Amino acid sequence: MDKLKLYNGVEIPRIGLGVYMGLGVFENPEPEKTVNAVKWALEAGYRHIDVAAAYGNEAEVGEGIRVSGVAREEIFLTTKLWNDDVRAGTVKEAFETSLKKLRTKYLDLYLIHWPVEGFEKAWAVLEDLYSEGRIRAIGVSNFKRHHLEYLIKNFRIKPMVNQVEANPYNNNQELIGDCKNLGIVVEAWSPLGGSGGNLLGDEAIRAMAQKYQKTPAQVVLRWNLQRGVVILPKSLHQERIISNFDLSDFELLPEDMELMDGLNRNLSAGTEPEGVIH
Ligand code: A2P
């Protein structure tokens, strides 16, 4: 229940900690925030951390893992290849840099962050790294159905994961259905609606939280889990990190799943960087 199986047999914990600090690309002025969040999450029982080269805090994730005392092999660790390296074709160099910062010899999952120009060539390099055993699973992020179909048609290895925005205000239902049909596991970024949004203040969500005696965040996260989506909530607060992981003692009824589905507004909590191929 607490893990899903990717099509290559690798197990992925269904709840991971997201660590994007909401700053510009490669900006990370308060390193201790990441170190603490990772340490608290691992103490709370998380065994899945989701970072990206562009978040600027891979070294702090590595440090958080180190100070937690949890063995590396117990943790499912993901990072992402940034757009500049996709465009420049410097995939191997970027991969080695990420490993060094994270202080690890391998990744559990490596994702192409956005489908920018050159993603096809980058995919071939990820395939090689996977075949060499340096990454346990490879995937993509923010890919639309046509990008996925292109890779499936033209390459040896089908992506194992697609990480996209998924929360009740932007539920991405159609793409999630497509991924399910293609055998690709979906991970949700901004499962709580992001830092600027007001999803958690939504009347319907607050009422549902009261009905189940849970927090708005917990009912929103539970909805995604019940759709079969891996969730990557982020928080800098220890009590929230703990409660966002505490989702196993209740279940949303079918009518409440439907109610949550009905809140969709196709309202994105994030922005797409310039140059993304649509
Ligand atoms: P904070 O770091 O101050 O806790 P998402 O994961 O959808 O991108 O959203 C993360 C945002 O939601 C963060 O700004 C985080 O802020 C906030 N957040 C995380 N967990 C909770 C929670 N349990 N209740 C309220 N807000 C939360």
Side-chain angles (χ1 to χ4, degrees), residues 13-25 27-46 48-52 54-57 60-61 64 78-80 111 113-114 141-142 163-172 176 186-210 212-227 229-250 252 260 263-273:
R14 286 157 52 108
I15 308 175
L17 180 77
V19 296
Y20 178 49
M21 293 289 135
L23 301 163
V25 168
E27 274 183 51
N28 178 29
E30 291 180 274
E32 69 284 358
K33 288 192 174 175
T34 303
V35 176
N36 284 334
V38 169
K39 183 169 81 74
W40 291 330
L42 293 169
E43 280 169 9
Y46 288 68
H48 178 175
I49 311 287
D50 181 272
V51 64
Y55 300 171
N57 55 0
E60 288 75 18
V61 167
T78 302
T79 193
K80 311 182 191 85
L111 304 177
H113 207 144
W114 291 91
S141 182
N142 304 304
Q163 183 180 126
V164 298
E165 180 177 357
N167 58 61
Y169 280 175
N170 188 17
N171 71 22
N172 242 322
I176 288 172
V186 174
E187 299 181 329
W189 59 260
S190 279
L192 297 169
S195 21
N198 50 10
L199 176 71
L200 300 179
D202 185 288
E203 291 271 321
I205 289 172
R206 291 175 73 89
M208 205 183 293
Q210 196 146 32
Y212 289 90
Q213 292 291 293
K214 295 289 166 187
T215 66
Q218 286 172 319
V219 291
V220 162
L221 294 172
R222 180 74 209 187
W223 163 81
N224 246 333
L225 285 185
Q226 287 182 215
R227 302 199 296 164
V229 172
V230 171
I231 50 171
L232 305 167
K234 54 179 184 273
S235 177
L236 298 175
H237 296 97
Q238 189 171 16
E239 71 284 2
R240 289 178 173 174
I241 289 172
I242 291 169
S243 68
N244 292 346
F245 189 71
D246 181 19
L247 306 172
S248 57
D249 65 345
F250 73 110
L252 299 182
M260 200 83 96
L263 299 178
N264 186 43
R265 304 170 177 186
N266 295 322
L267 185 72
S268 176
T271 48
E272 299 197 351

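In listed order, ligands and their atoms are each counted from 1. Predicted, not measured: the structure shown is a model, and the values here were computed from it.
- Distances from atom 14 (O) of ligand 1 to the heavy atoms of Ala166, Gly193, Ser195 put Ser195 nearest.
- The distance criterion of under 3.5 Å between nitrogen or oxygen atoms is not met by Leu232 with respect to ligand 1.
- Residue Leu236 approaches ligand 1 through these ligand atoms, each under 4.0 Å from one of its heavy atoms: 1 (P), 2 (O), 4 (O).
- Leu225 and Leu247 make their closest contact through CD1-CD1, 3.8 Å (heavy atoms, listed as atom of the first residue, atom of the second, distance).
- In terms of protein heavy atoms, atom 7 (O) of ligand 1 is closest to Leu192 N, 2.7 Å.
- In this comparison of Met21, Glu165, His237, Lys234, the heavy atom closest to atom 3 (O) of ligand 1 sits on His237.
- For ligand 1, the polar-atom distance check against Ser190 finds a nitrogen or oxygen pair separated by under 3.5 Å.
- Nearest heavy-atom pair, Pro191 versus Val220, reported as atom, atom and distance to 0.1 Å: O-CG1, 3.2 Å.
- Listed for the Gln226 side chain is no donor-acceptor partner under 3.5 Å among the backbone atoms of Trp223.
- By the 4.5 Å heavy-atom criterion applied to side chains, Tyr55 and Lys80 are counted as neighbours.
- For atom 11 (C) of ligand 1, the nearest non-hydrogen atom of the protein is Gly194 O, 3.8 Å.
- Distances below 4.0 Å separate heavy atoms of Pro233 from the following atoms of ligand 1: 6 (O).
- The minimum heavy-atom distance linking Val38 with Val61 is given by the pair CG1-O, 4.0 Å.
- Taking a cut-off of under 4.0 Å to the non-hydrogen atoms of Pro191, the atoms of ligand 1 that pass are 6 (O), 7 (O).
- Under a 3.5 Å cut-off, the side chain of Gln218 and the backbone N or O of Ser243 do form a donor-acceptor pair.
- Shortest contact from atom 23 (N) of ligand 1 to any protein heavy atom: Asn244 OD1, 3.0 Å.
- Residue contacts with ligand 1 do not include Thr215, since none of its heavy atoms lies under 4.0 Å from the ligand.
- Note on ligand 1: Gly18 sits outside its first shell, no heavy atom being nearer than 4.0 Å.
- Contacts between Leu200 and ligand 1 below 4.0 angstrom, taking non-hydrogen atoms only, involve the side chain exclusively.
- Between Leu17 and Ala37, the shortest heavy-atom distance links the atoms CD2-O, 3.6 Å.
- Here the rule is side-chain contact (heavy atoms from CB on, under 4.5 Å) with Leu221, and of Asn244, Asp246, Val229, Asn167 only Asn244 fits it.
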Notebook entry, point to check: For Asp50 and Trp189, what are the C-alpha separation, side-chain angles and deciding distance, and is it a side chain to side chain donor-acceptor pair (under 3.5 Å)?
Noted result: CA-CA 10 Å; Asp50 181 272; Trp189 59 260; over 6 Å; no
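- The protein heavy atom nearest to atom 1 (P) of ligand 1 is Arg240 NH1, 3.3 Å.
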